[in-house]
**Q** 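This is the structure I have questions about; it appears just below.
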Amino acid sequence: MSTRYKVGGRTHTIRELLEEQKDRVPITILGWIQNKSFIGGMIFLIIRDGSGYIQTTIKKENVPPEVFNVVKDSTKESAVKVIGETKLDKRAPYGLEIIAKNVEIIAKADVWPITRSAIRSPSFLYDIRHLSIRGKKASSVIKIRSKVIEAATEYFFKNGFYLISAPSIVQSACEGGATLFEVDYFGQKAYLTQSAQLYEEAAILALERVWTIEPCFRAEKSKTAKHLTEFWMIESEVAFATHEDIMRLEEELVSAITHKVAEECSGELKILGRKFTPPEPPFYKITYDEARDLIMKRGVTFEWGEDIPTEGEKIISNEFDKPVFIKEFPLSARSFYHMTKLDNDKVTLSSDLIAPEGFGEITTGGQRLSDYKELEKRILQQDFPKESFQWYLDLRRYGLPPHSGFGLGVERVTRWVSGVKHIRATSLFPRTPTRLNP
RNA sequence: GCCGCUGUAGCUUAACCCGGUAAAGCGGCUGGCUGUUAACCAGUCGAGUGGAGGUUCAAAUCCUCCCAGCGGCGCCA
């Protein structure tokens, strides 16, 4: 597969040059000036393109005088075309540089607002996120996110899943009404979707095993390092699958994603200073009760039936060296659609997958309720409008077998793999309760 | 929704506690330098301190309210 994009007269991407490490190759590259230093009769430019960074050296005697002056007056982040040849030189970063014969400024940039001190100001960098995404670290995280999605896509297609797309404008909630973003739909109340799950359950009756990757919206005013109000979720649903089956699927998927990132994003991980070892299956499995015991022993208390508090989740996350499933959550801590155990209707066949090193929850999955009467009861208990759930209930009238599924937070997985503190770094233009712009 | 913190040149900070009329680094600009890696050296420009009000002879500094952001909790992917 060629990664050489021959637009604008370009002969090589920077990554290709660095990989080849050849001397005296005539080249034309396109990119942006990432840094410039002017030393009397010579100028060093660090050129960035979508694939990497390379130093270009412009010597006064090698280029026409007007070109030297234009480069001397050039600004950071201006788009440039460099014509020259490669030179192996120990003094250059990565041992390779370009000796320029000609440099053309394609688009001159104004004074670049991001200085050395600005890097210490997350608030400022997110105010100008449209510019700061060009940074080495910022773009590396985005590249890793891309790889996460690539790996998941590869995994699902290899294993015979169909990709579906569910609507983003919906009438029914699936994770509780309080956290819905309301939209006006020609005078009717509608909402931005929180999950594609209910639609996937319909889809498995036609396609048996499906997956989807879509934006999800949660109007939670959560000011934490792991919440976005708009995030992307990879979800999958499988007919006839049990809770155990779906945990195995999650395990395989997470393993496939993490191995691919570790192998193919080593450069990005290095830029981020992240030492990441992909976990080998099987992952650990503990019950909610076991998790609660362990957390209580560490001095954090909560009632049986409550969701595990953040502090408790951190304890679990730091306790294990690989991801760990916490299974059999109490129904009181779960959404209405979860199936309960046959011998205990207070405990669901569901699990959260907790990433290690304190990163915490990355997926939730489980078996869904396939009985009409029981589901109807739950919907009424939740005080949901039954009309908008009728189609979902209806599935139970027309041959819905036991089935299971899960949802994986793309940004949460990216955060864990990249090792970044805050989830907003994993989104190109993050949406948090305090950020809607840019 | 709750708790806590912060807001001073484009950016990062100092001066705030114990009121006296804003200081520095980075960036910019001008000049110098033929091997820079966050280059270096010299010079120079740049804010009246988030907003409104109050106390005072005098407010960045004390008080009140508002706004914005950050950290955390609850909730969750």
Side-chain angles (χ1 to χ4, degrees), chain A residues 34-46 53-62 68 72-73 75-76 87 89-95 97 99 110-128 131-132 136 174-176 178-179 194-197 213-235 250 300 302 306-314 329 333-335 352-355 359-365 406-416 421-424 426-427 432-435:
Chain A
Q34 196 251 333
N35 207 355
K36 181 182 88 171
S37 28
F38 172 54
I39 319 286
M42 60 195 300
I43 304 165
F44 297 102
L45 299 178
I46 304 293
Y53 302 79
I54 195 165
Q55 173 165 288
T56 294
T57 301
I58 298 107
K59 293 187 180 174
K60 209 165 194 168
E61 63 269 22
N62 288 349
F68 192 82
K72 196 176 120 190
D73 293 337
T75 47
K76 270 189 192 182
K87 185 187 170 204
D89 193 317
K90 277 181 187 161
R91 293 169 297 187
Y94 313 111
E97 64 179 7
I99 303 297
D110 281 356
V111 173
W112 189 242
I114 301 174
T115 61
R116 216 159 65 190
S117 46
I119 293 162
R120 285 153 61 190
S121 174
S123 198
F124 176 67
L125 292 178
Y126 284 101
D127 285 343
I128 53 164
L131 304 178
S132 62
K136 259 187 185 174
C174 54
E175 300 295 334
T179 63
Q194 297 169 309
S195 159
Q197 186 203 312
I213 172 160
E214 293 199 325
C216 296
F217 306 88
R218 307 257 169 109
E220 299 158 353
K221 285 188 180 167
S222 309
K223 288 185 199 164
T224 80
K226 45 183 249 184
H227 285 84
L228 293 167
T229 54
E230 177 177 354
F231 64 97
W232 283 67
M233 190 142 68
I234 288 172
E235 291 180 278
E250 290 178 54
V300 179
F302 60 104
E306 285 177 7
D307 205 349
I308 296 173
T310 300
E311 213 182 326
E313 189 188 286
K314 273 189 190 143
F329 269 80
R334 287 303 203 201
S335 297
D352 284 354
L353 183 59
I354 310 296
F359 286 98
E361 184 180 350
I362 51 171
T363 79
T364 289
F406 71 93
L408 172 148
V410 171
E411 287 80 11
R412 286 208 176 160
V413 169
T414 306
R415 170 174 172 255
W416 164 43
K421 258 194 169 158
H422 203 293
I423 197 164
R424 65 188 161 206
T426 65
S427 174
T432 65
T434 54
R435 275 189 197 281

**Q** Using a heavy-atom cut-off of under 4.0 Å over every strand shown, decide if A:I39 touches base, sugar-phosphate, or nothing.
**A** base
**Q** Checking A:E250 against A:T363: is there a side-chain donor and acceptor pair closer than 3.5 Å?
**A**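 Checked: A:T363/A:E250 side chains pair up, N/O donor to acceptor below 3.5 Å.
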**Q** When you measure from the side chain of A:R424, which nucleotide among B:C70, B:U36, B:C75 comes out closest?
**A** B:C70
**Q** One character per nucleotide, please: for nucleotides 9-14 of chain B, 5' to 3', B when the base has a protein heavy atom closer than 4.0 Å, S when only the sugar-phosphate does, - otherwise.
**A** -BBS--
**Q** Under 4.0 Å between any heavy atoms, over every strand shown, what does A:E214 touch: base, sugar-phosphate, or nothing? Just pick one.
**A** nothing
**Q** Checking all strands, does A:K87 fall into the base, sugar-phosphate, or nothing category for heavy-atom contacts under 4.0 angstrom?
**A**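 Counting heavy atoms under 4.0 Å across all strands, the contact made by A:K87 includes a base.
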**Q** Please figure out whether A:K76 or A:I46 has its closest RNA chain B nucleotide nearer the 5' end.
**A** A:I46
**Q** Classify the side chain of A:R334 and the base of B:C76 as holding, or not holding, a donor-acceptor pair under 3.5 Å.
**A**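 In this structure, the two groups form no donor-acceptor pair.
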**Q** Determine if the base of B:G48 is syn or anti; take syn to mean the glycosidic torsion is within 90° of 0.
**A**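 The base of B:G48 is oriented syn (glycosidic angle within 90° of 0).
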**Q** For B:G71 and B:U13, measure between their P atoms and round to the nearest Å.
**A** 14 Å
**Q** Side chains of A:T229 and A:E220 only: does a donor on one sit below 3.5 Å from an acceptor on the other?
**A** no
**Q** When you get a sec, tell me which of B:A77, B:G71, B:G1 is the closest nucleotide to the side chain of A:H422?
**A**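 Per side-chain heavy atoms of A:H422, the pick is B:G71.
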**Q** Answer yes or no: is there a donor N or O on one side and an acceptor on the other, between the side chain of A:T426 and the main chain of A:I423, under 3.5 Å?
**A**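 Checked: pair present.
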**Q** Across the strands shown, which category fits A:P122 at heavy-atom distances under 4.0 angstrom: base, sugar-phosphate, nothing?
**A** nothing
**Q** So for atom CZ, which belongs to A:F302, do other residues, nucleotides or ligands contribute more than 12 heavy atoms lying within a distance under 6.0 Å?
**A**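 Enclosed: over 12 neighbouring heavy atoms sit under 6.0 Å from CZ of A:F302.
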**Q** Please check the phosphate of B:U34 (OP1 and OP2 only) for any side-chain N or O of A:K59 closer than 4.0 Å.
**A**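 Answer is no, no contact under 4.0 Å.
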**Q** With a 4.0 Å cut-off on heavy atoms, is A:Y126 in touch with a base, just the backbone sugar-phosphate, or nothing at all?
**A**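 No contact.
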**Q** Below 4.0 angstrom, N of the basic side chain to O of the carboxylate: do A:R334 and A:D307 qualify?
**A**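 So A:R334 does not pair with A:D307 through a salt bridge.
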**Q** Should A:F231 be counted as stacked on B:A77, where stacking needs a ring-centre gap under 5.5 Å and an angle between planes under 30 degrees?
**A**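 Given the distance and angle limits, yes, they stack.
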**Q** May I ask you to check if A:K36 and A:F44 form a cation-pi contact, with NZ or CZ under 6.0 angstrom from the six-membered ring centre and within 45° of the axis?
**A**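 No.
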**Q** Just checking A:E311: does its CD atom have more than 12 heavy atoms from other residues, nucleotides or ligands closer to it than 6.0 angstrom?
**A**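 No, not enclosed.
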**Q** So does A:R435 get a side-chain nitrogen or oxygen closer than 4.0 Å to the phosphate oxygens (OP1/OP2) of B:C70?
**A** yes
**Q** Tell me, please, which residues at least two apart from A:E361 pass side-chain hydrogen bond (donor to acceptor under 3.5 Å, both in side chains).
**A** A:T364
**Q** Taking OP1 and OP2 of B:C5, is either one under 4.0 Å from a side-chain nitrogen or oxygen of A:K223?
**A** no
**Q** Taking for each residue the nucleotide of RNA chain B bearing the nearest heavy atom, is the 5' side occupied by A:E311 or by A:G40?
**A** A:G40
**Q** Can you list everything that forms a side-chain hydrogen bond (donor to acceptor under 3.5 Å, both in side chains) with A:Q55? Sequence neighbours excluded, please.
**A** A:E97
**Q** Taking ring pair (Phe, Tyr, Trp, His ring centres under 6.0 Å) as the definition, give me every residue that meets it alongside A:F406, ordered by chain and number, with sequence neighbours left out.
**A**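 Partners of A:F406 by the ring pair (Phe, Tyr, Trp, His ring centres under 6.0 Å) criterion come out as none, since no residue qualifies.
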**Q** Between B:C70 and A:T434, is there an OP1 or OP2 to side-chain N/O distance shorter than 4.0 Å?
**A**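 Yes.
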**Q** Please work out the stems of RNA chain B from pairs that are Watson-Crick or G-U wobble with both distances under 3.5 Å, keeping only runs of three or more consecutive pairs.
**A**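 Detected stem regions: B:1-7 with B:67-73, B:10-13 with B:23-26, B:28-32 with B:40-44, B:50-54 with B:62-66.
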**Q** Does the side chain of A:T364 get closer than 4.0 angstrom to OP1 or OP2 of B:A77 through an N or O atom?
**A** yes
**Q** Among the candidates B:G35, B:C76, B:U36, find the nucleotide nearest to the side-chain atoms of A:S37.
**A** B:U36
**Q** Just the table, please: protein N/O against nucleotides 43-47 of chain B N/O, every pair under 3.5 Å.
**A**
none

